[in-house]
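Accompanying notes for the structure given below.
Residue numbers begin at 1 in each chain, while the letters A, B, ... track the order of the sequences.
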There are 2 protein chains.
Amino acid sequence: MELTTPEPLHMECGRFSSVLSSIGDKWTVMIVLTLTGRPRRFNEMKRVVGGISQQMLARTLRALERDGMLTRTVHPTVPPQVEYALTDLSRSLAGPIRQLGTWAGAHIDRIEGNRSAFDAARAAA
Amino acid sequence: MELTTPEPLHMECGRFSSVLSSIGDKWTVMIVLTLTGRPRRFNEMKRVVGGISQQMLARTLRALERDGMLTRTVHPTVPPQVEYALTDLSRSLAGPIRQLGTWAGAHIDRIEGNRSAFDAARAAA
DNA sequence: CGGTATCCGACCTGATACTG
DNA sequence: CAGTATCAGGTCGGATACCG
């Protein structure tokens with residue numbers, strides 16, 4: 001047991017993995033970003049996000065709602081209207097997400113270059 | 001096209017998705033955390049991480065190496081020794097990751113509570 | 001020791017069709 | 001409009017066996 005790299009880090013990691021995998025999945029961050037500024041309705045989001053299937057949008061929204069990351073408000077009109085909006089919880093995530101986005105923006109070119117170089121080296125071998 | 005939520009955000013998101021999904025996958029963050037402080041050898045990491053299969057460790061290490069997030073150094077000894085170490089790139093990611101970890105630590109209890117409440121409500125219905 | 005190859009089940013994702 | 005149901009393909013992740 002190394003005191004310099006204590007085990008608790010890994011235990012935390014285990015607890016946090018569900019949060020990290022949410023952030024890492026294909027649509028979550030994009031959907032949350034789409035809701036910054038103002039609430040959106042289902043098909044409105046489908047159009048704005050672009051490329052997402054109806055099912056994946058429904059699933060992702062349900063998962064976020066379950067986590068308390070957004071609210072689902074049904075307006076009993078005809079045709080039915082359902083609005084999705086961010087919560088305090090998801091808004092508090094904006095800061096860390098932005099940090100990550102900034103990092104990605106600063107390093108994505110390098111990363112893609114690294115990938116190309118790695119693949120080229122492998123192809124040569 | 002809304003000027004309040006400009007499209008470029010989504011285009012960035014598309015470019016960054018490969019980075020986000022790396023962070024979100026099951027083992028990447030844990031492996032990177034394991035390497036903070038000092039380099040590690042293959043089976044050493046397998047023991048420390050715990051629960052990871054040999055194949056997934058190899059795959060994840062290869063993906064990280066491809067991105068330039070770690071170096072792979074082979075010492076031509078018998079038996080062979082291979083050391084993995086962080087790079088400047090992966091070390092620069094430590095800050096944003098820590099932010100995210102802090103956020104997760106602060107809110108994980110609430111999130112898990114939300115999930116339980118949501119599931120209970122669904123089960124009742 | 002440090003991998004790669006193969007197989008397999010589970011899950012993720014999308015397309016399509018259908019419902020209130 | 002806002003979903004759910006069903007099916008099909010692909011990917012993820014682990015177990016096992018084998019190689020240098």
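Of the two residues contacting DNA chain C, namely A/Lys26 and B/Arg59, the nearest-nucleotide position lying further toward the 5' end is that of B/Arg59. With DNA chain C read from its 5' end, the first of the two nearest nucleotides for A/Gln55 and B/Ala58 is the one closest to B/Ala58.
Listed by chain and residue number, B/Asp119 satisfy the side-chain hydrogen bond (donor to acceptor under 3.5 Å, both in side chains) test with A/Arg66 (two or more places apart in sequence, or in another chain). Contacts of A/Ser22 classified as side-chain hydrogen bond (donor to acceptor under 3.5 Å, both in side chains), with partners at least two apart in sequence or in another chain: none. B/Trp103 pairs by the ring pair (Phe, Tyr, Trp, His ring centres under 6.0 Å) definition with B/His107, not counting sequence neighbours. Partners of B/Asn114 under the side-chain hydrogen bond (donor to acceptor under 3.5 Å, both in side chains) rule, at least two apart in sequence or in another chain, do not exist in this structure. The salt bridge (Lys or Arg N to Asp or Glu O under 4.0 Å) check on B/Arg47 picks up nothing, with sequence neighbours excluded. For B/Arg62, the side-chain hydrogen bond (donor to acceptor under 3.5 Å, both in side chains) partners at least two apart in sequence or on another chain are B/Glu65.
Five base pairs at each end of the helix from C/dC1-D/dG20 to C/dG20-D/dC1 define two local axes, and these are offset by 40° (rounded to 10°).
A ring-ring contact (aromatic ring centres under 6.0 Å, His included) check over residues 38-87 of chain A, counting only residues at least two apart or in different chains, returns nothing.
Between atom CG of residue B/Asp25 and atom CZ of residue B/Arg59 there is a gap of 11.0 Å, rounded to the nearest 0.5 Å. To the nearest 0.5 angstrom, A/Arg41 atom CZ is 3.5 Å from A/Gln81 atom CD. Distance check: A/Glu112 CD to B/Asp67 CG gives 9.5 Å after rounding to the nearest 0.5 Å. Here A/Ser116 contributes atom OG and A/Ile111 contributes atom CD1; the two are 12.0 Å apart, rounded to the nearest 0.5 Å. The CG atom of A/Leu57 sits 5.0 Å away from the CD1 atom of A/Ile31 when rounded to the nearest 0.5 Å.
Protein chain A contacts DNA chain D over a range whose 5' and 3' limits, counting nucleotides with an atom under 4.0 angstrom from a non-hydrogen atom, are D/dC1 to D/dT6. In the 5' to 3' direction, nucleotides of DNA chain C lying under 4.0 Å from heavy atoms of chain A begin and end at C/dT13 to C/dG20.
Here the closest heavy-atom approach between residue B/Pro96 and residue A/Gln99 is recorded as CG-O, 4.3 Å.
Residues from residues 75-87 of chain B with heavy atoms under 4.0 angstrom of DNA chain D, sorted by number: B/Pro80. Of the residues in residues 65-72 of chain B, B/Arg72 come within less than 4.0 Å of DNA chain C through at least one heavy atom, sorted by number.
A/Arg41 comes within 4.0 angstrom of the backbone, heavy atoms only, and of no base.
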- [ ] Could you walk me through whether A/Thr36 and A/Arg91 pass the side chain to side chain donor-acceptor pair (under 3.5 Å) test, one step at a time?
- [x] CA-CA 8 Å; A/Thr36 59; A/Arg91 268 187 289 268; over 6 Å; no

Task: Full working for salt bridge (Lys or Arg N to Asp or Glu O under 4.0 Å) between B/Arg38 and B/Glu44 - done: CA-CA 12 Å; B/Arg38 63 176 176 82; B/Glu44 188 184 1; 2.9 Å; yes

